[in-house]
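Written out below as structure tokens is the structure these notes cover.
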2 protein chains.
Amino acid sequence: MGNRKISDAVIRRIVLYMRVLDEMEQTSEKDAISSYELGERTGVRAAQVRKDLAWFGEFGKQGVGYDVQFLKSQLHRILHLEKDVNVAVIGVGNLGLALARYNLERYKKEKEYYIKIAALFDNNPKKIGEIIEGVTIYSIDLLSEIVYEKEIAMGVITVPSLHAQQIADILVKANVKTILNFAPTTIVVPEDTRVHRADLSLELQHLAYYLGS
Amino acid sequence: MGNRKISDAVIRRIVLYMRVLDEMEQTSEKDAISSYELGERTGVRAAQVRKDLAWFGEFGKQGVGYDVQFLKSQLHRILHLEKDVNVAVIGVGNLGLALARYNLERYKKEKEYYIKIAALFDNNPKKIGEIIEGVTIYSIDLLSEIVYEKEIAMGVITVPSLHAQQIADILVKANVKTILNFAPTTIVVPEDTRVHRADLSLELQHLAYYLGS
DNA sequence: TAGATTGTTAATCGATTAACAATC
DNA sequence: TAGATTGTTAATCGATTAACAATC
């Protein structure tokens with residue numbers, strides 16, 4: 001502890017652990033789980049599970065393991081998934097629509113799924129005003145305004161590559177510092193803004209490499 | 001060279017380099033590019049660009065850089081993206097449909113985009129037989145057969161989590177050894193099969209962590 | 001030639017794994 | 001208690017970065 005710069009890889013695994021615990025709580029399988037079993041279920045070594053968790057505190061008991069309910073709630077706290085995270089999806093094409101529907105459905109069904117699609121945006125006048133699962137499609141001109149009104153914390157970019165940078169600029173101006181970019185292009189943002197690439201074609205192109213072996 | 005176990009991270013970056021070169025070729029900007037500029041455009045250090053490329057050969061010239069056309073064609077070769085890669089999408093819900101449409105559009109528009117969605121599968125009788133951008137939706141019962149017929153090399157799983165493992169099993173039996181899994185669940189496959197996680201909720205949940213700072 | 005830029009080696013940094021004393 | 005399993009330290013492994021001789 002002390003000089004904490006926790007890597008992205010650790011955070012990703014924490015999400016996996018959290019999910020297993022969410023499931024276990026639902027099914028009331030057991031009250032405790034060992035690092036060994038948590039690893040089994042997520043494809044991670046037991047030693048790494050313990051190391052990952054140790055970054056954030058001492059959650060286990062020797063000889064027993066981790067209390068499911070307790071660790072679950074701790075991991076939710078660590079990931080800031082204790083209350084709704086309001087998300088805007090910009091670009092309601094096929095992908096944006098799929099993402100919105102999928103997440104809204106999960107949000108309704110699952111008690112502990114805090115990702116809330118709170119607003120949709122598009123520049124197509126035919127789409128503006130339409131309502132998807134209770135969420136309105138707004139004009140992109142209203143982005144700053146709605147971001148403020150609905151306390152949007154995260155932006156998902158699903159517009160064509162050509163407009164991705166422009167949308168990112170608007171989000172940055174509207175003080176949205178966390179962006180998930182589905183456009184297959186690199187976008188440039190200030191230091192304090194975090195952009196993650198979620199480039200589906202990249203995944204496919206990347207997998208092609210392994211076709212040889 | 002010699003004992004080559006090239007990491008996933010390298011391959012991902014190679015895809016990024018390839019894309020920049022594809023673009024440059026289209027726009028005929030210049031004939032050569034330095035590791036420095038290739039790095040600039042992809043968010044990678046020049047030294048790393050050179051290191052990444054060096055895994056596969058000596059493609060540059062001192063004092064000059066890399067020939068755009070030549071390096072482009074080499075990277076396509078390395079990634080096995082010189083000819084069509086036939087892909088099946090299993091599960092034509094919102095996400096599967098979005099993925100199919102998006103990739104088919106790119107395939108039609110871009111000369112050097114070799115990811116070809118060659119077949120769609122679903123178990124909903126209402127959807128079976130429907131044609132999306134020229135590609136038929138088949139019953140999942142026909143998966144093995146069509147995989148063979150259409151020489152499918154890659155499977156994309158976009159069915160609900162509950163069925164993901166079952167679909168993976170069918171793909172494995174049909175000799176599809178490269179799978180992209182969008183279901184938010186861990187699936188188990190034999191050693192020689194490669195599954196990549198493309199879990200969109202994980203991306204969002206993972207980003208939530210950074211909302212704190 | 002002089003300047004630019006490669007490919008490669010060595011140094012650094014960070015992440016994973018193994019081992020084990022502490023302790024429930 | 002005896003067995004199980006933690007949290008942590010040390011060892012290992014791998015990836016990134018810096019530096020530079022080679023050379024176009």
Side-chain angles (χ1 to χ4, degrees), chain A residues 1-17 20-21 24 29-72 74-75 78 197 206 209, chain B residues 1-17 20-21 24 29-72 74-75 78 197 206 209:
Chain A
M1 266 154 274
N3 53 336
R4 323 207 323 151
K5 174 68 188 71
I6 292 156
S7 88
D8 231 56
V10 172
I11 304 300
R12 293 190 121 78
R13 289 193 297 267
I14 296 281
V15 174
L16 297 179
Y17 308 149
V20 169
L21 296 166
M24 285 189 75
E29 281 178 65
K30 312 194 239 162
D31 291 342
I33 189 170
S34 68
S35 58
Y36 180 78
E37 194 186 343
L38 204 39
E40 276 268 288
R41 297 231 208 164
T42 50
V44 175
R45 306 267 159 128
Q48 188 158 59
V49 172
R50 295 199 296 279
K51 194 105 213 279
D52 287 344
L53 296 175
W55 283 97
F56 300 98
E58 308 188 3
F59 303 122
K61 265 202 189 53
Q62 282 102 324
V64 180
Y66 301 89
D67 182 89
V68 172
Q69 301 252 344
F70 176 68
L71 186 56
K72 185 223 81 180
Q74 290 301 305
L75 298 191
I78 289 162
R197 202 192 290 278
H206 155 241
Y209 171 74
Chain B
M1 266 153 272
N3 54 335
R4 323 207 323 153
K5 174 68 189 72
I6 291 156
S7 88
D8 230 55
V10 172
I11 303 300
R12 293 191 121 78
R13 289 192 298 266
I14 296 281
V15 174
L16 296 180
Y17 307 149
V20 168
L21 296 165
M24 284 189 75
E29 281 178 64
K30 310 194 237 166
D31 292 342
I33 188 169
S34 67
S35 59
Y36 179 78
E37 194 185 343
L38 203 40
E40 275 269 288
R41 296 233 210 163
T42 49
V44 175
R45 305 267 158 128
Q48 188 158 60
V49 172
R50 295 199 296 278
K51 194 104 214 280
D52 288 345
L53 297 175
W55 283 97
F56 300 98
E58 308 189 1
F59 303 121
K61 265 201 190 54
Q62 283 103 325
V64 180
Y66 301 89
D67 182 88
V68 172
Q69 301 252 343
F70 176 69
L71 186 57
K72 183 223 84 179
Q74 290 301 305
L75 298 191
I78 289 162
R197 203 192 289 281
H206 155 241
Y209 170 73

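Just so it is clear: chains get the letters A, B, ... in the order the sequence lines come, proteins before strands, and each one is counted from 1.
The CG atom of B/Leu38 sits 13 Å away from the C1' atom of C/dT6 (whole-angstrom rounding). Atoms CG (B/Asp52) and P (D/dT16) sit 7 Å apart, rounded to a whole Å. Regarding B/Asp31, its CG atom lies at a distance of 19 Å from the P atom of D/dC24, rounded to whole Å. Going from atom CZ of A/Arg45 over to atom C1' of D/dT12 covers 13 Å, rounded to whole Å. The CD-C1' distance, from A/Gln48 to D/dC13, rounds to 13 Å in whole Å. Atom-to-atom, OH of B/Tyr36 to P of D/dA18 comes out at 13 Å; the value is rounded to the nearest Å. Protein atom CH2 of A/Trp55 is 12 Å distant from nucleotide atom C1' of C/dT16, rounded to whole Å. We find that CG of B/Leu53 is positioned 12 Å from P of C/dT8, with the value rounded to whole Å.
Rounded to the nearest 0.5 Å, atoms CD (A/Glu37) and OG1 (A/Thr42) are 10.0 Å apart. Between the CD1 atom in A/Ile33 and the NZ atom in A/Lys72 there is a gap of 14.5 Å [rounded to 0.5 Å].
Side-chain proximity of A/Glu58 to C/dT16, D/dT17, D/dG7: nearest is D/dG7.
Counting only residues at least two apart or on different chains, the salt bridge (Lys or Arg N to Asp or Glu O under 4.0 Å) pairs with a member in residues 45-57 of chain A are A/Arg13-A/Asp52.
Scanning all heavy atoms of the two residues, the minimum distance from A/Tyr17 to A/Leu75 falls at CB-CD1, 3.7 Å. Closest approach of B/Val68 and B/Lys30 over heavy atoms only: CG2-O, 3.7 Å. Minimum heavy-atom separation, A/Leu71 to A/Tyr66: CD2-CB, 3.7 Å.
No more than 12 heavy atoms of other residues, nucleotides or ligands lie within 6.0 Å of OH in A/Tyr36, so this atom counts as exposed by the packing criterion. B/Asp8 CG: more than 12 foreign heavy atoms inside a 6.0 Å radius.
The end-to-end axis angle of the helix from C/dG3-D/dC24 to C/dC24-D/dG3, rounded to 10 degrees and based on five pairs per end, is 10°.
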Pick out the pairs of N or O atoms, protein on one side and nucleotides 1-5 of chain D on the other, that lie under 3.5 Å.
from: D/dT5; atom 1: O4'; to: A/Gly63; atom 2: N; distance (Å): 3.0
from: D/dT5; atom 1: O2; to: A/Gly63; atom 2: N; distance (Å): 3.3

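Each of A/Phe59 and B/Ala9 was matched to the nucleotide of DNA chain D holding its nearest heavy atom; the match closer to the 5' end belongs to A/Phe59.
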For this session: Apply side-chain contact (heavy atoms from CB on, under 4.5 Å) to B/Ile6 and B/Ile14, showing your working.
Result: CA-CA 11 Å; B/Ile6 291 156; B/Ile14 296 281; over 6 Å; no
